[in-house]
Undergrad: 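I have a structure here, written as structure tokens, and I will follow up with some questions on it.
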Amino acid sequence: MAQATFKFPKDFMWGTATASHQVEGRNTNNNWYQWEQEGHIIPGHTCGLACDWWGGRWREDFDRAAEGGQNAHRLSLEWSRIQPTPDRWDEDALDYYRQVVRGLHERGMRPMVTLHHFTDPLWITEQGGWENEKTVGHFQAYVEKVVTALKEYVTFWCTINEPNVYATMGYLMGDFPPGKGDLGSAFQVMTNLLKGHAAAYHAIHKIQAEAEVGLVVNYRGMVPHRAWFPLDKLVAGLQSRTYNDFFPHAATTGKLKFPFKTLTVSEAQKTQDFLGINYYTQDRVSFSLLAVKELFGKRFFDPQDEVSETGFIANHPSGMYDAIKWGRQFNVPLIVTENGVEDSTGKLRPRYLIEHIHQIWRGLNHNWPVKGYFHWSLVDNFEWERGWTQRFGLWELDIETQTRTPRPSAELYAEICQNNALSSQMVEEYAPEVLEKLFPG
Ligand code: FCB
């Protein structure tokens with residue numbers, strides 16, 4: 001076999017992604033803390049100390065990332081810390097975040113900051129959360145405060161992480177707070193999240209002309225289960241438009257395309273400087289009259305699929321290619337803001353990582369505008385309603401002792417980042433079973 005190397009463009013961003021509630025620990029003033037206390041997640045699991053970033057362990061974790069050649073990191077801010085009550089800004093919390101983003105620069109990593117990653121302050125929840133249009137104005141005030149405080153260190157902002165997941169899980173499927181199952185509420189929340197994004201976009205640019213601002217969607221390929229069956233095609237298309245296209249389309253055109261109506265929010269037009277794509281997996285969709293909440297499309301994994309440790313992810317590297325191909329229609333730079341797999345033993349992750357990064361390289365060869373890749377995640381962290389049952393880290397975390405232990409993918413990812421390339425030698429060492437597929441001949 002010939003030795004070969006897939007090279008990435010100069011200045012390509014390599015990093016990992018994290019979110020405040022999942023890594024900080026000791027967050028007791030948001031809707032997720034309350035949800036955990038009420039016993040909605042896996043019994044006995046709470047966020048607790050998480051990765052103890054609030055206690056300062058972000059320093060050692062950033063050292064690991066920097067030593068592994070990462071040149072960027074995506075993190076989020078905890079609104080409930082910065083604005084614990086409607087009438088109070090916590091300057092110590094802002095100082096903490098200033099130290100964190102400065103800490104990234106000191107280690108040669110560019111911060112990408114997410115302003116909202118699933119959690120809301122309790123006082124926002126008490127006022128009806130994102131079902132209440134007033135939340136849009138509150139969010140804007142919070143954004144203005146933090147952008148002013150951090151603008152010296154951050155120019156790269158994600159407004160809202162996965163508004164499609166937030167609305168679906170919280171207001172349709174009921175696994176996230178507030179645990180509703182109501183299409184009308186979900187659509188209301190989608191509208192207000194989009195307005196929140198637009199308000200944040202304009203507010204940031206007013207404060208910082210050079211800012212790059214975008215939203216982050218969770219992209220799932222929706223494949224009609226029976227390719228020959230028109231109703232499967234119809235519902236797969238409907239799901240894909242509502243789940244995948246809705247937000248980036250609205251942030252381009254100002255049109256909110258719900259399944260049976262379209263609203264116009266003109267201030268949302270042209271409010272993305274880039275699009276963040278979180279890609280993990282793809283679904284099959286088949287028509288079912290029973291799947292009302294899923295717009296009559298039942299979603300499931302193909303029984304032939306290779307699935308991850310807890311059955312959360314079906315391994316479809318080609319879906320990464322599809323995701324970035326899909327993202328091109330919005331005519332902005334694309335960033336893979338999350339991708340990864342839960343795998344406590346490191347059996348699947350090296351191959352998953354290699355094959356997904358290979359698909360990005362394929363896209364780059366067509367000149368598709370992908371600017372960076374952020375792996376989820378650096379260290380095992382608190383995985384929402386799945387608690388600690390899922391281990392997404394390049395480093396394993398012992399939550400009792402806070403000890404970190406590298407998994408095989410930590411070394412592999414470091415080699416990729418340091419070389420800005422994926423080589424046949426790396427594949428031979430970490431996932432020889434796909435060597436012939438990726439480097440034929
Ligand atoms: C994404 C979330 C992220 C993490 C991964 C596994 O949907 O944005 O916080 O939980 O899934």
Side-chain angles (χ1 to χ4, degrees), residues 15-25 27 30-33 35-36 40-42 45-47 50-51 53 73-79 112-120 158-173 175-177 193 197 214-221 243-244 247-248 275-283 299 307-316 319-320 323 335-344 348-349 352-353 356 373-395 397 407 409:
T16 50
T18 54
S20 56
H21 190 69
Q22 296 179 271
V23 293
E24 284 177 359
N27 268 315
N30 67 29
N31 56 337
W32 267 92
Y33 178 75
W35 190 246
E36 290 154 37
H40 292 287
I41 72 160
I42 313 263
H45 288 228
T46 59
C47 180
C51 309
W53 277 23
H73 182 77
R74 174 173 175 243
L75 74 154
S76 82
L77 309 181
E78 184 57 39
W79 183 2
M112 179 184 216
V113 169
T114 305
L115 296 156
H116 184 280
H117 195 125
F118 294 164
T119 51
D120 294 306
C158 304
T159 54
I160 300 182
N161 177 70
E162 298 187 347
N164 53 342
V165 169
Y166 181 96
T168 309
M169 295 295 273
Y171 293 85
L172 222 47
M173 311 317 284
D175 295 325
F176 278 17
L193 286 168
H197 158 78
L215 50 76
V216 169
V217 283
N218 178 277
Y219 176 89
R220 284 177 93 104
Y243 188 83
N244 294 321
F247 284 99
L275 173 63
I277 300 178
N278 294 352
Y279 172 75
Y280 288 91
T281 192
Q282 89 180 22
D283 288 320
R299 290 193 345 207
V307 292
S308 57
E309 193 168 58
T310 70
F312 192 61
I313 284 164
N315 182 18
H316 279 282
M320 174 65 92
I335 296 161
V336 177
T337 33
E338 287 179 30
N339 168 249
V341 66
E342 88 286 13
D343 177 14
S344 62
L348 171 59
R349 187 176 293 98
Y352 183 98
L353 193 53
H356 283 75
Y373 173 86
F374 292 82
H375 189 74
W376 186 276
S377 187
L378 184 53
V379 179
D380 287 340
N381 58 52
F382 177 73
E383 278 298 337
W384 309 113
E385 86 287 9
R386 287 101 54 199
W388 292 98
T389 59
Q390 295 186 338
R391 301 301 179 127
F392 275 89
L394 294 174
W395 271 264
L397 172 73
R407 296 200 170 94
S409 309

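Start at 1 and go down the list; that is how both ligands and their atoms are numbered.
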Undergrad: What does the contact table look like for ligand 1 (nitrogen or oxygen on each side, cut-off under 3.5 Å)?
TA:
from	atom 1	to	atom 2	distance (Å)
ligand 1	7 (O)	Glu162	OE1	2.6
ligand 1	7 (O)	Glu162	OE2	3.1
ligand 1	8 (O)	His117	NE2	3.3
ligand 1	8 (O)	Asn161	ND2	3.1
ligand 1	8 (O)	Glu162	OE1	3.3
ligand 1	8 (O)	Glu338	OE1	3.1
ligand 1	8 (O)	Glu338	OE2	3.1
ligand 1	9 (O)	Gln22	OE1	2.8
ligand 1	9 (O)	His117	NE2	2.8
ligand 1	9 (O)	Trp384	NE1	3.0
ligand 1	10 (O)	Gln22	NE2	3.3
ligand 1	10 (O)	Glu383	OE1	2.6
ligand 1	10 (O)	Trp384	NE1	3.1

Undergrad: I'd like to check the ring pair (Phe, Tyr, Trp, His ring centres under 6.0 Å) partners of His356; sequence neighbours left out, ordered by chain and number.
TA: Tyr279, Tyr352

Undergrad: Taking ring pair (Phe, Tyr, Trp, His ring centres under 6.0 Å) as the test, write out the residues that go with His197, two or more places apart.
TA: none

Undergrad: So, Arg349 side chain and Val341 main chain: donor-acceptor pair closer than 3.5 Å or not?
TA: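 Flag set: sc Arg349 to bb Val341 pair under 3.5 Å.
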
Undergrad: Residues two or more places apart in sequence or in another chain: which of them pass ring pair (Phe, Tyr, Trp, His ring centres under 6.0 Å) with Tyr33?
TA: none

Undergrad: For the residue pair Leu275 and Val217, establish whether any side-chain heavy-atom pair is separated by less than 4.5 Å.
TA: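 Heavy-atom side-chain distance check passes, below 4.5 Å.
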
Undergrad: When you measure from the side chain of Ser409 to the backbone N and O of Leu394, does any donor-acceptor pair fall under 3.5 Å?
TA: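 Checking the backbone N and O of Leu394 against the side chain of Ser409, no donor-acceptor pair under 3.5 Å is found.
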
